[in-house]
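Working notes, beginning with the structure itself.
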Amino acid sequence: FLLMLDSTVVALALPTIEKELHASADNVQWILNGYLLVISVLVVTAGRLGDIYGRRLVFLIGMAIFAAGSVLAAVAGDDPVLVAARVVQGIGGAAMLSLSLAIVSHAFPAEQQAKALGIWAAVSAIALAVGPLAGGALIEVDWRAIFWINLPIIVAGFLIMLVAATESTDPAAGRRIDVPGLVALTIGLTAVVLAMIQSRAWSAPTVVVLGVVGIVALIAFWRIERRVDDPIVEFDLFRNGPYFGASAAAFAIVGCYWG
């Protein structure tokens with residue numbers, strides 16, 4: 001709920017933020033794009049860390065980081081500080097996004113999982129619907145309220161996690177982090193997403209070079225993952241029809257929404 005709410009509320013507030021902070025057009029763009037870039041780059045890594053060290057632990061750390069970013073955003077006096085705050089929020093959001101579904105799946109017995117996952121999806125949809133309405137009302141009062149409102153939700157989330165969620169790991173994940181794969185994935189995702197975000201702001205040769213670097217790095221990531229004992233992403237899973245279908249549907253939904 002928190003991640004979906006934050007995305008729609010902030011988008012609505014951008015014109016007000018630009019006016020009150022006398023922000024440049026580029027920095028206003030990065031209030032959204034910095035957040036998205038960090039989440040996209042770190043979401044896989046955060047999931048891997050949760051599998052190794054504990055999903056609840058990494059999720060709670062992510063919520064704490066997200067809270068810190070929200071406070072920094074709420075007190076920001078200029079646009080560079082606000083962009084930095086959104087980057088901090090993205091770091092915490094990556095852990096929350098990658099681990100919430102795994103935590104829900106582990107918290108309920110098999111006969112209740114379908115219902116639980118349905119509620120999980122419904123909560124996200126409700127947040128997308130509530131976001132513009134709540135955001136519009138809060139912005140009329142003060143745009144900083146859209147960040148302060150995150151704190152009571154985070155406190156409630158902490159309490160729910162501590163009471164209702166048990167710790168879980170992936171025994172098959174091993175204890176080692178695939179550093180070469182992690183480096184290749186980070187470079188690849190950063191370059192590709194940055195090329196798309198800056199396609200109009202930067203020169204065509206720069207964007208093309210950045211895109212090529214990103215694609216080459218992602219191909220290298222795929223080759224690395226096929227050879228290491230503890231891959232970050234198990235590509236053989238995509239041969240599973242339901243898994244591939246669910247992944248494709250999620251990609252399409254999120255891609256269309258953010259586009």
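Along the sequence shown, the residues carry numbers beginning at 1. Everything numeric in this text was worked out from a predicted model, so none of it was measured.
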Going hydrophobic residue to hydrophobic residue with side-chain gaps under 4.5 angstrom, can you get from [X] over to [Y]?
{"X": "V213", "Y": "W222", "value": "no"}
{"X": "L2", "Y": "F158", "value": "yes"}
{"X": "V216", "Y": "L218", "value": "no"}

Nearest-0.5 Å distance that lies between atom CD1 in I61 and atom OH in Y53: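 Taking CD1 in I61 and OH in Y53, the distance rounds to 11.0 Å.
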Point-to-point distance, once rounded to the nearest 0.5 Å, from CD1 of I52 to CG of L57: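 With rounding to 0.5 Å, CD1 (I52) is 12.5 Å from CG (L57).
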Working for side chain to side chain contact (heavy atoms under 4.5 Å, CB included), residues L138 and W148: CA-CA 10 Å; L138 291 172; W148 288 122; over 6 Å; no
Taking the side chain as everything from C-beta on, heavy atoms only, tell me whether [X] gets closer than 4.5 Å to [Y].
{"X": "L5", "Y": "I153", "result": "yes"}
{"X": "Q29", "Y": "I197", "result": "yes"}
{"X": "L162", "Y": "L60", "result": "yes"}
{"X": "L151", "Y": "V71", "result": "yes"}
{"X": "F221", "Y": "L189", "result": "no"}
{"X": "D51", "Y": "T169", "result": "no"}
{"X": "V10", "Y": "F147", "result": "yes"}
{"X": "I232", "Y": "T45", "result": "no"}

I187 backbone acceptor or donor facing T190 side chain under 3.5 Å: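 Here the side-chain-to-backbone pair does not exist.
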Pair R55-T166, side chain to side chain contact (heavy atoms under 4.5 Å, CB included): steps then yes or no: CA-CA 9 Å; R55 292 162 180 155; T166 57; over 6 Å; no
Those residues that, when tested against E18, pass side-chain hydrogen bond (donor to acceptor under 3.5 Å, both in side chains) (two or more places apart): none
Please report, to 0.1 Å, the donor-acceptor pairs under 3.5 Å made by any side chain of residues 78-104, with sequence neighbours excluded.
from, atom 1, to, atom 2, distance (Å)
D78, OD1, V81, N, 3.1
D79, OD2, S24, N, 3.4
D79, OD2, N27, ND2, 2.7
R86, NE, I31, O, 2.8
R86, NH1, D6, OD2, 2.6
R86, NH1, Q89, OE1, 2.8
Q89, NE2, S70, OG, 2.9
S98, OG, G47, N, 3.3
S98, OG, A94, O, 3.0
S98, OG, A95, O, 3.3
S100, OG, M96, O, 3.4
S100, OG, W120, NE1, 3.3

Which heavy atom of [X] sits nearest to which heavy atom of [Y], and what is that distance?
{"X": "L210", "Y": "A195", "value": "CD2-N, 3.7 Å"}
{"X": "W143", "Y": "A76", "value": "CH2-O, 4.4 Å"}
{"X": "P231", "Y": "E234", "value": "CG-CG, 3.9 Å"}
{"X": "E167", "Y": "R56", "value": "OE1-N, 2.8 Å"}

Residue pair V209, W202: steps toward the side chain to side chain contact (heavy atoms under 4.5 Å, CB included) verdict: CA-CA 11 Å; V209 169; W202 291 350; over 6 Å; no
Over 12 non-hydrogen atoms of neighbours within 6.0 angstrom of CZ in F244: no
